[in-house]
Every structure is written in structure tokens, then in C-alpha cells.
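So the structure is just underneath, and the comments pick up after that.
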Amino acid sequence: MKICCVGSGYVGLVAGTCLADMGNDVICVDVDENKINNLKKGIVPIYEPGLTDMLDRNSREKRITFTTNIKEGIQKSEVVFIAVGTPPDGDDCANISAVISVAENIGRYINGYKVIVNKSTSPVGTLDKIEKVIKSFRKNPSVKYDLVSNPEFLREGEAIKDFTNPDRIVIGVQSKKAKNIMASIYDGISRTDKPIMFTDIRSAELIKYASNAMLATRISFMNEMAQLCEKVGGDIKAIARGIGLDSRIGPRFLQAGVGYGGSCFPKDVKALIQTMKSNGIEAGILAAVDKVNEKQKRSLIHKIKKLVPTLNGKSIAIWGLAFKPKTDDMRDAPSLVIINQLQEAGAKVKTFDPEAQKTAKKILKGVTYCKDPYTTVAGCDALVIVTEWNEFRDIDLKKIKQLLKHPNIVDGRNIYEPQEMKKLGFNYLCVGRK
Ligand SMILES: NC(=O)c1ccc[n+]([C@@H]2O[C@H](COP(=O)([O-])OP(=O)(O)OC[C@H]3O[C@@H](n4cnc5c(N)ncnc54)[C@H](O)[C@@H]3O)[C@@H](O)[C@H]2O)c1
């Protein structure tokens, strides 16, 4: 199948590469010339485990190419995936202007039957808007197309695995022809236990938001339970295990921490709240989920102040900048909030992240970037763990104690055991555990 992926970011590039690896001919399009030039040279603009190797292989075998020429991408393809960004606008709604711009180009350049697949997370009703735009820009009204909503559920850091081995593939589609084409694209990866779910377009659009909102709800719920544990005694990790063993609940997304971040949960929860509002529904649950998360991101500073009451002039080490491990994505990362609070209090921040430093340098100023976890803590008044990279689990804690000026650790991800930390002589605070 000849496929065009418009938008070569975390989703478009991973989807394009995996679709090429499945034997399709893929053209990846992006408006970012620098990104496309780099991709042509084999330079992958994001950190995603396994992506560079898979991309190299498929580029060599000429199954994937890169261009800024959207006309060429559209005209040479039978299926066009839209995978551009939908960031929040000023009112917390999803900004779908990039999706609409792609739809305009599809209308302009469509030269025969195509399946147009929206993978960008976009509010319910977006496919109707895409349809209107294509119709108004289409030069030849007899050219046919079908519209499909195929939301993406991949997680950064696990993106290749998630794309090639997803829990489910959701496809909102009206026409039989488009349904068959989509089924044949995903033929290699759908199995009985991991099915393709065909549904109507609006349900598919809503499933994506409902999934992220449900996962965010679990996280905020556990963060609120963690607050209670800290007041009354109790261990949030035991509670996560205790409720997670209930098969009606399941164990995932029950970890308390510094709050959720990233390019999806915060913006998708807020956008769903706005969709509800604009339809006259009070988003009671989701408003609380969002509020608890904002509070959680701001709560770590209180723990830091318990150990270092006067932050002015003090040095604080931060381990982890990315919003989660195995990615370099800093969008809405809790580290941004925490570092900002520390700087406002007059603290000097030293930091290390295995992959996100390059991205961070574009956003965070006045921070000292270090080459490894050990040099980061040297001479610091406290260490704060914000992202749970494996590098930090497997660390020489005795050496860390020697390097720190004061043995203070605030662990925002509960990666160590409080008892052991006490034995090692640390003043150790974590989330929801005594
Ligand atoms: N990142 C994730 O983990 C993830 C997971 C599931 C769904 N999503 C959703 O997928 C969509 C894409 O997310 P992402 O993380 O890949 O974003 P991204 O910012 O990494 O990539 C978007 C790309 O689209 C390009 N672009 C913007 N406007 C364009 C246009 N008019 N024509 C061509 N290219 C254009 C940008 O230059 C950028 O390279 C979003 O709606 C997001 O919510 C993201």
C-alpha cells in the first residue's frame, strides 16, 4: 500500500516507520524543513528506543522517504494519515489548525480515491470539519475519498512496541471500502486477543479522549490517596498493590508521584472538559482530576522545604527532566514546574537527564546541566528525583551520600525504599509513604 504520513513527530514518524516495516511504501511529510533534511540524512529528531535502527533499515530498503512537499505525498498515496500536533489553545481547547491546514492541502491536491485517516487527537466532530474543508478546497468534485478516525494510543518510550503490538486498534469508519483498506493495513498486527475494533467515527474520536481521561483519573486518584497516607499513615505502594490485585481494577496507572505531564494527558483532559462545557455538561470528575494534578505538581516544593527550609542561595540537584523515562519529551513535564518554583525561591538548580537535556536547554534557563547523576549531586543541599529513569534506581547511594553537602533526598517517584534510605543515613521524603 502507498501511504503518506503528514506530520513527522512522535506519532507520525513512529507510525510511518512501522508501516514501512510492515511492507508499505511510506512518504513522511512535515512542514519543518530542518526535520525533513535531517531525516533524509538519517538523523532522527526524537529519542525513541529502537526507532533509529528501524528507520535506517527501511530507508536503505527504500520503503520510507521524507519530503516537505505535501502535494507529492498526497498525490502518490492511496492512504493519507494525518499525524500533526493538536496543542492546547489559550482556552484549553485542542488547537486543530494544523489538522485543518492538512485538510486544505488534501482538498487542493487530491487526484483520485483516497482514504484520509486522522490520527491526531482531535475533539469529537473534527472529522466533520475535515470533510467540509476538503469539499470546499476540492477542485474536482467527482474525486472520491473516505474519512477514518484512527486514534493513536502509543506511549513515548514504548512507541514501536505499542504500535506493532497494540492492545487494540480503534477505527471509526463509515464506508465498507475504507474499512477493508484499514483492515488490510493492520492485518499483520491484529490478533484475536488484540483486535481491531471498528466503530462509528464519533465514538472513535471520543474513545481516545475517554482513554486518556480514565488513565489520568487513576493517577490523580492515587495522588489524592497518597496525600491521605501521608496524614494518617499508610503506604501508597501497598495500597496500589492491594487494589491492583483486584481484577476489576488491575495494577496499571496506580503509581502516585509528581503528577502526570507530557504531550497528551494534561491537554487531552483539559480539551475534554472544554468539549463537555461547550455541550452544556459539567465536567465534575475531570475538573477534579486536573485540579488534583496541578496541586500535585506543585506539592514537591513543600517536601523540599521540609528538608531545606531556606532555599535562597542553596543548591538543589534534580534527577530527571523528561515527563517520563525513555523519552526526551519535555512538554508539560512536572520538572518545569518544580524547577521554576526552586528558582523563584532563589535556589541554584543542577540537573541531569539521560536523554532530555538537549530539549531542556531550549526551554530552561539558568540551570546547570551535568554529565551524570553523580556530578549533579556534588555539593548540593538536596537531591530531588522527578523522573524514574532506570539509571537512578541502580545507583551507588553511599557515593551519593558522600557527594551531597547534606544527605537530603526528595523522591517524587518512590524509587527507593524508605527503610533502606534511613539505614543509609538519608533524610528521605517520598510520596504517600512514611
Ligand atoms: N506523543 C504521543 O505520545 C502521542 C500519543 C498518542 C496521540 N498523540 C497525538 O498525536 C498527534 C501528534 O502528536 P506528536 O506528539 O507526534 O506531535 P509532534 O509535535 O511531535 O509532531 C507533529 C509534527 O507535525 C508537524 N506539522 C505541524 N503542522 C503541519 C502541517 N500543516 N503539515 C505537515 N506537518 C505539520 C510538525 O512540524 C511536527 O513535526 C497529537 O494530536 C497528539 O495529541 C500523541
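Order of appearance sets the numbers: ligands from 1, and atoms from 1 within every ligand.
Within the model, atoms OH of Tyr369 and CG of Asp353 stand 10.0 Å from one another, a figure rounded to the nearest 0.5 Å.
Across Val29, Thr86, Val84, heavy-atom proximity to atom 11 (C) of ligand 1 is greatest for Val84. Nearest to atom 9 (C) of ligand 1 by heavy atom, out of Asp162, Thr121, Val14, is Thr121. In this structure, of Phe265, Phe323, Tyr10, Phe153, the residue bringing a heavy atom nearest to atom 14 (P) of ligand 1 is Tyr10.
Residue contact check: Lys35 has heavy atoms under 4.0 Å from atoms 38 (C), 39 (O) of ligand 1. Close approach to Ser263 involves these atoms of ligand 1, each under 4.0 Å from a residue heavy atom: 1 (N), 2 (C). Atom numbering of ligand 1 starts at 1 in the shown order; those under 4.0 Å from a heavy atom of Ser101 are 31 (N). Atoms of ligand 1 lying under 4.0 Å from any heavy atom of Ser120, numbered from 1 in the order shown and given with element: 11 (C), 41 (O). Those atoms of ligand 1 with a heavy atom of Lys267 less than 4.0 angstrom away are 42 (C), 43 (O). The Leu154 neighbourhood of ligand 1 comprises atoms 3 (O), 5 (C), with distances under 4.0 Å to a heavy atom of that residue. Heavy-atom contacts of Val6 reach the following atoms of ligand 1: 32 (N), 33 (C) (cutoff under 4.0 Å).
Looking from atom 28 (N) of ligand 1 to the surrounding protein, the closest heavy atom is Ala98 CB, 3.6 Å. When hydrogens are left out, the protein atom nearest atom 1 (N) of ligand 1 is Glu156 OE2, 2.8 Å; that is the closest non-hydrogen contact. Looking only at heavy atoms of the protein, atom 6 (C) of ligand 1 is closest to Glu152 O, 3.2 Å. Nearest to atom 10 (O) of ligand 1 among the protein's heavy atoms is Val11 CG2, 3.5 Å. Shortest contact from atom 37 (O) of ligand 1 to any protein heavy atom: Asp30 OD1, 2.6 Å. Counting only heavy atoms of the protein, atom 22 (C) of ligand 1 lies nearest to Gly85 N, 3.6 Å. Annotation: atom 34 (N) of ligand 1 to nearest protein heavy atom, Val31 N, 3.4 Å.
When non-hydrogen atoms are compared, ligand 1 lies under 4.0 Å from the side chain of Arg331 (C-beta onward) but not from its backbone. Contact annotation: for Arg155 versus ligand 1, there are no heavy atoms closer than 4.0 Å. If you look at Cys264 next to ligand 1, the close heavy atoms, those under 4.0 Å, all belong to the side chain.
Figure legend: cation-pi geometry between Lys179 and Phe198, with NZ or CZ positioned under 6.0 Å from the six-membered ring centre and within 45° of its axis.
With hydrogens and angles disregarded, a donor-acceptor distance shorter than 3.5 Å links the side chain of Tyr374 to the backbone of Asp396. Using modelled atom types, no side-chain atom of Asn95 and backbone atom of Thr86 make a donor-acceptor pair closer than 3.5 Å. The closest donor-acceptor contact from the side chain of Asn293 to the backbone of Val289 lies at 3.5 Å or more, if one exists at all. Side chain of Tyr10 to main chain of Ala159: no donor-acceptor pair is present (N/O by atom type, distance under 3.5 Å, no hydrogens or angles).
Taking the centre of each ring, Phe392 and Trp319 come in below the 6.0 Å mark.
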